[in-house]
Number of protein chains: 2
Amino acid sequence: MSQPSAPRRTPGRPPRISREEIIRTARRIVDEEGVAKLTMRRLASEVGSTPMALYHHVRDKEELLVLLLDDYATRTLRRPELPADPRERAVAAATAIHEALAACPWIVEVLTADDLMSTSALWFVEQIVDGLAEAGLSPERAVHGYRAIWYYTAGEIVVRTTAARRRTDDDRATYREQVFAGLDADELPRLAQVADRWAPLTATDTYQDGLRALVHGLLAARPA
Amino acid sequence: MSQPSAPRRTPGRPPRISREEIIRTARRIVDEEGVAKLTMRRLASEVGSTPMALYHHVRDKEELLVLLLDDYATRTLRRPELPADPRERAVAAATAIHEALAACPWIVEVLTADDLMSTSALWFVEQIVDGLAEAGLSPERAVHGYRAIWYYTAGEIVVRTTAARRRTDDDRATYREQVFAGLDADELPRLAQVADRWAPLTATDTYQDGLRALVHGLLAARPA
DNA sequence: ACCTGAACACCGTTCAAGT
DNA sequence: ACCTGAACACCGTTCAAGT
């Protein structure tokens, strides 16, 4: 998908811009100014061309974003040394994916990818499925386990990065504080109990804890 | 937030449109044609007014969407009978939230909400936190447990609804098939093993399984 | 106080034509 | 084969003015 098209025997006009150049430029815009600034028009002018020239190299903006994610994954996902213990291997592989995504918040817009973020991430998926299988799950259950881990991971990224986006304009944060300050302790006693600690509690990074709990639960034999 | 503003002693011109009417109309557009069709201009014309009149009743489009989610939650989240067993109570409350969200896929665009979708959902959050606490977690761990459940739930909704969106234009699906068909069985043996079953495996609804695994893992005493 | 009209500063994409 | 220009059909939001 992201590999440059093989150089053909140029039967027509020589290309002025390449898909690679488009992606490289798009990456720069996103890194420097955020994904919201990436428009076909802006990208075209940055690349020294016209909006319509881009459509000769990518089908539409959606494809461009997927290409960008693929490019990002290929460049940044380095395969780490994984623990021998299968359960720990699954945890480590999921954590590696999570870290790569967390470092790149614009990804949320594209995180729409259903099963896996990119073919470059397949190796990590393999490690998770294999870890779960070696730890005792059937192949089917291992795949379902992987999916649960992916839901949890994608959800953490989406919720956290959009919460961070909200925090910038802080009206909403203070609104939330008001809600928690005015909780009816009779109707919602547990929430009232933790109301004053809600902000720090929810700011804590508990990805690892939740991941370990999930993996633990997936591996525990439970009655269907 | 969503309650109609108290009728003041009209010192100026009488309002022609109300916030309530705006939200009601927005809801109709979203239900009938999807959230993508909800634009300020379209909404204004549907309500028999001008785009700018809307800005007198809502701050911007973002606020409108949050209002819409709040409205949806208030109207559809009915408190179910919950099981007495604390663990089952947490599972049932999470499932209720999940069902409400799953029935309303446009929500993904707004699911950006950080901790909770709406104040109307607070009761459900209470049930989850309380279930976890009564099952043995400290208040802090119960809140963190709730967050893990929320990540998992939000992630499932986001991934599933965007996957469904992709399935309509099926280029991407067939691309994915190609990738799985051409897997190197030496490098990625587990994935190769399940390659031909990947589509049905990932289409299965396993929200409940994953949720139960997660809750199980959260409640299992584990070494830090 | 509430609403209107006109404008600003944009979008993604299609179509027909050029080289 | 690749690129351009002009156009289509939109956006959210601001500003100044009207009633």
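Side-chain atoms are counted along with the backbone in the values below, which use heavy atoms only and exclude waters and symmetry mates. All chains are named by letter (A, B, ...) in the order of the sequence lines, taking the proteins before the strands, and each is independently numbered beginning at 1.
- Taking atom OH of B:Y55 as the reference point, atom P of C:dC8 lies 18 Å away to the nearest angstrom.
- When the P atom of C:dG12 is taken as reference, atom CG of A:L65 falls 10 Å away, rounded to whole Å.
- The closest donor-acceptor contact from the side chain of B:K61 to the backbone of B:L38 lies under 3.5 Å.
- Nucleotide C:dA17 is matched to nothing when pairs are restricted to Watson-Crick or G-U wobble geometry with both distances under 3.5 angstrom.
- Base pairing analysis places D:dC8 opposite C:dG12; the two distances defining the Watson-Crick or G-U wobble pair are each below 3.5 Å.
- Rounded to an integer number of Å, the gap from NZ of A:K61 to C1' of C:dC11 is 8 Å.
- Remark: the backbone N or O of B:P51 is not paired with any side-chain donor or acceptor of B:R41 at under 3.5 angstrom.
- Of the listed nucleotides (C:dG12, C:dC3, D:dT13), D:dT13 has the atom at the smallest distance from the side chain of B:D60.
- Summarising the geometry, the separation between CG on B:L64 and C1' on D:dC11 is reported as 15 Å, rounded to the nearest angstrom.
- Remark: B:D31 CG to B:C104 SG distance equals 8.0 Å, nearest 0.5 Å.
- Proximity of A:T39 to the phosphate of C:dC11: a side-chain N or O atom is located under 4.0 Å from OP1 or OP2.
- Regarding A:I17, its CD1 atom lies at a distance of 13 Å from the C1' atom of D:dA1, rounded to whole Å.
- In this structure, of D:dT4, C:dC8, C:dT4, it is C:dC8 that holds the atom nearest to the side chain of B:R41.
- Sequence order on DNA chain C of the closest nucleotides to A:R42 and B:T50 puts B:T50 first from the 5' end.
- Taking the side chain of A:A53 as heavy atoms from C-beta on, and the options D:dT4, C:dC3, C:dT4, the nearest nucleotide is D:dT4.
- Distance, A:R59 CZ to C:dT14 P: 11 Å, rounded to whole Å.
- In this structure, B:H57 does not reach the C:dC2 phosphate: none of its side-chain N or O atoms is under 4.0 Å from OP1 or OP2.
- Two residues are said to be in side-chain contact when any heavy atoms from C-beta on lie closer than 4.5 Å; A:W106 and A:L68 meet this criterion.
- Judged by distance alone, the side chain of B:E126 and the main-chain N or O of A:R190 form a donor-acceptor pair under 3.5 Å.
- Listed candidates were D:dC3, C:dG12, C:dC3. Nearest to the side chain of B:P15 is C:dC3.
- Nearer the 5' end of DNA chain D, as judged by each residue's closest nucleotide, is the contact made by A:H56, out of A:H56 and B:K37.
- Across the protein-nucleic acid pair, A:E63 atom CD and C:dG12 atom P stand 15 Å apart, rounded to whole Å.
- Rounded to whole Å, atom C1' of D:dC11 lies 12 Å from atom CG of B:L38.
- The C1' atoms of C:dC3 and D:dA16 are separated by 13 Å, rounded to the nearest whole Å.
- Of the candidates D:dG5, D:dG12, C:dC3, D:dG5 carries the atom nearest the A:M52 side chain, counting heavy atoms from C-beta on.
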